[in-house]
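Only one structure is covered here, and it is reproduced in the block below.
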Amino acid sequence: MLDVTDLTLRYGQSQVLHGVNLSARAGEVTAVMGMNGVGKTSLMKAIAGRHPFRSGRITVDGRDLGHPSAVEAARAGIAYVPQGREVFALLSVAENLQTGFACLDRGSRAVPDRIFDLFPVLAEMRNRRGGDLSGGQQQQLAIARALVTQPRVLLLDEPTEGIQPSIIKDIGRVISTLREEGEIAIVLVEQYFDFAVGLADRVTVLTGGQVSYTAEKGGIEREALLGAVSL
């Protein structure tokens with residue numbers, strides 16, 4: 001579903017990503033791991049069209065996206081849930097969800113009941129302002145808003161950061177459900193080791209902006225992975 005090939009990215013004179021390769025398949029979770037500052041978020045922003053990259057290739061379902069803008073990436077089926085959530089504080093939960101309509105045809109602009117099946121708390125709070133929700137509820141809202149766009153690829157950047165354990169479990173269940181449905185390729189950037197490894201069908205570790213370790217489920221060696229992540 002998603003293939004990233006030889007992606008290189010700079011911030012000014014500083015090169016952040018060095019020829020990164022990444023693949024994600026529908027019905028699977030690809031975990032991207034590594035220490036702070038190794039380029040994980042930069043990689044997600046490049047895929048989502050939020051930061052221009054110097055060279056490389058991004059394809060979705062075999063279609064080369066070139067150097068997409070955020071709108072072009074969204075229309076190609078890439079949904080991004082950023083670190084920090086970016087919920088609209090003064091909009092209601094329902095209105096936040098409706099902002100996901102922007103990349104959809106008019107006939108598709110509806111919030112499916114399935115969203116509220118996945119996140120029952122949002123049904124209860126649909127008239128509450130986004131800024132009045134707890135951090136965990138805002139994270140659920142951010143993921144739900146991404147799903148409203150009917151994505152082929154879902155990018156999740158640190159979804160457990162600052163979240164209470166009960167909601168971490170809820171988010172894990174949602175990711176597992178989406179994987180089992182088999183329609184979305186999920187890329188999970190995560191530092192919570194057990195959460196990431198527990199969900200991952202494949203793992204890619206970045207070190208210094210380069211891929212230093214890759215493995216697929218069944219071939220993931222815990223000690224080797226821990227060593228790679230801590231470099």
Side-chain angles (χ1 to χ4, degrees), residues 1 24 26-27 29 41 44-45 47-50 60 69-190 192 195-196 198-199:
M1 186 70 75
V29 175
T41 292
M44 296 300 101
K45 286 182 175 180
I47 297 170
R50 290 198 175 198
V60 173
S69 66
V71 171
E72 290 167 342
R75 286 177 175 162
I78 297 173
Y80 177 46
V81 181
Q83 212 173 1
R85 300 146 200 159
E86 297 182 7
V87 164
F88 294 102
L90 298 181
L91 297 184
S92 70
V93 166
E95 290 167 337
N96 267 279
L97 293 173
Q98 289 164 11
T99 64
F101 293 170
C103 62
L104 299 177
D105 296 333
R106 288 191 177 276
S108 302
R109 293 181 178 180
V111 178
D113 291 339
R114 170 175 173 269
I115 296 295
F116 299 115
D117 292 338
L118 291 171
F119 301 102
V121 68
L122 299 183
E124 299 168 14
M125 297 186 171
R126 69 179 72 198
N127 296 317
R128 294 271 296 275
R129 291 192 306 181
D132 294 334
L133 273 56
S134 71
Q137 291 163 351
Q138 288 185 0
Q139 185 66 70
Q140 292 177 85
L141 175 56
I143 297 172
R145 179 178 58 191
L147 293 175
V148 167
T149 70
Q150 303 175 17
R152 296 177 178 182
V153 179
L154 178 63
L155 310 177
L156 300 172
D157 195 353
E158 303 281 5
T160 70
E161 185 178 44
I163 305 300
Q164 56 267 47
S166 62
I167 295 186
I168 290 175
K169 289 181 180 178
D170 290 339
I171 291 172
R173 281 194 288 270
V174 169
I175 294 172
S176 294
T177 297
L178 295 173
R179 178 179 58 193
E180 289 165 8
E181 289 173 354
E183 297 178 359
I184 300 175
I186 301 167
V187 181
L188 171 67
V189 169
E190 186 55 64
Y192 181 179
F195 181 84
L199 289 168

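What's counted below: heavy atoms across the whole structure, side chains too, no hydrogens, waters or symmetry copies. Bear in mind the structure is a predicted one, so any value in this text is a computation, not a measurement.
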Is there side-chain contact between [X] and [Y], with heavy atoms separated by less than 4.5 Å?
X      : Y      : value
Phe116 : Val121 : no
Pro151 : Ile184 : yes
Ile115 : Val148 : yes
Leu133 : Leu141 : yes

Taking all atoms of both residues into account, what is the closest heavy-atom pair of [X] and [Y], and its distance?
X      : Y      : value
Ile78  : Ile47  : CD1-O, 3.5 Å
Arg145 : Val87  : NH1-CA, 3.9 Å
Gln137 : Leu122 : O-CD2, 4.2 Å
Ala144 : Leu97  : CB-CD2, 3.7 Å
Glu190 : Thr160 : OE2-OG1, 2.7 Å
Leu199 : Ser176 : CD2-OG, 3.3 Å

Return the [atom1] to [atom2] distance between [X] and [Y], rounded to the nearest 0.5 Å.
X      : Y      : atom1 : atom2 : value
Asp113 : Leu118 : CG    : CG    : 11.0 Å
Asn127 : Glu95  : CG    : CD    : 9.0 Å
Ile167 : Gln139 : CD1   : CD    : 9.5 Å
Arg85  : Glu158 : CZ    : CD    : 11.0 Å
Ile143 : Phe119 : CD1   : CZ    : 5.0 Å
Gln140 : Met125 : CD    : CE    : 9.5 Å

Check your understanding: Under 3.5 Å, is there a donor-acceptor pair between the Asp157 and Thr41 side chains?
Key ->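 Per modelled atom types, Asp157 and Thr41 side chains form a pair under 3.5 Å.
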Point to revise | Asp170 with Arg173: basic N within carboxylate O range, under 4.0 Å | key: yes
Check your understanding: Are any of the side-chain nitrogens in Glu86 or Arg50 under 4.0 Å away from the carboxylate oxygens of its partner?
Key ->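 Judged by the 4.0 Å cut-off on N to carboxylate O distance, Glu86 and Arg50 do form a salt bridge.
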Check your understanding: What do the steps show when you test Gln150 against Cys103 for side-chain contact (heavy atoms from CB on, under 4.5 Å), and what is the final call?
Key -> CA-CA 9 Å; Gln150 303 175 17; Cys103 62; over 6 Å; no
Practice item. Could you go through the side-chain contact (heavy atoms from CB on, under 4.5 Å) check for Tyr192 and Glu161 one step at a time? Key: CA-CA 8 Å; Tyr192 181 179; Glu161 185 178 44; over 6 Å; no
Treating [X] as the side-chain partner and [Y] as the backbone partner, does any N or O pair qualify as donor plus acceptor under 3.5 Å?
X      : Y      : answer
Glu181 : Leu178 : no
Arg109 : Phe101 : yes
Asn96  : Ser92  : yes
Gln138 : Gly130 : yes

**Study point:** Step-by-step side-chain contact (heavy atoms from CB on, under 4.5 Å) determination, Leu154 to Val187
**Key:** CA-CA 6 Å; Leu154 178 63; Val187 181; over 6 Å; no
Point to revise | Axial cation check for Phe88 ring with Arg129, 6.0 Å and 45° limits | key: no
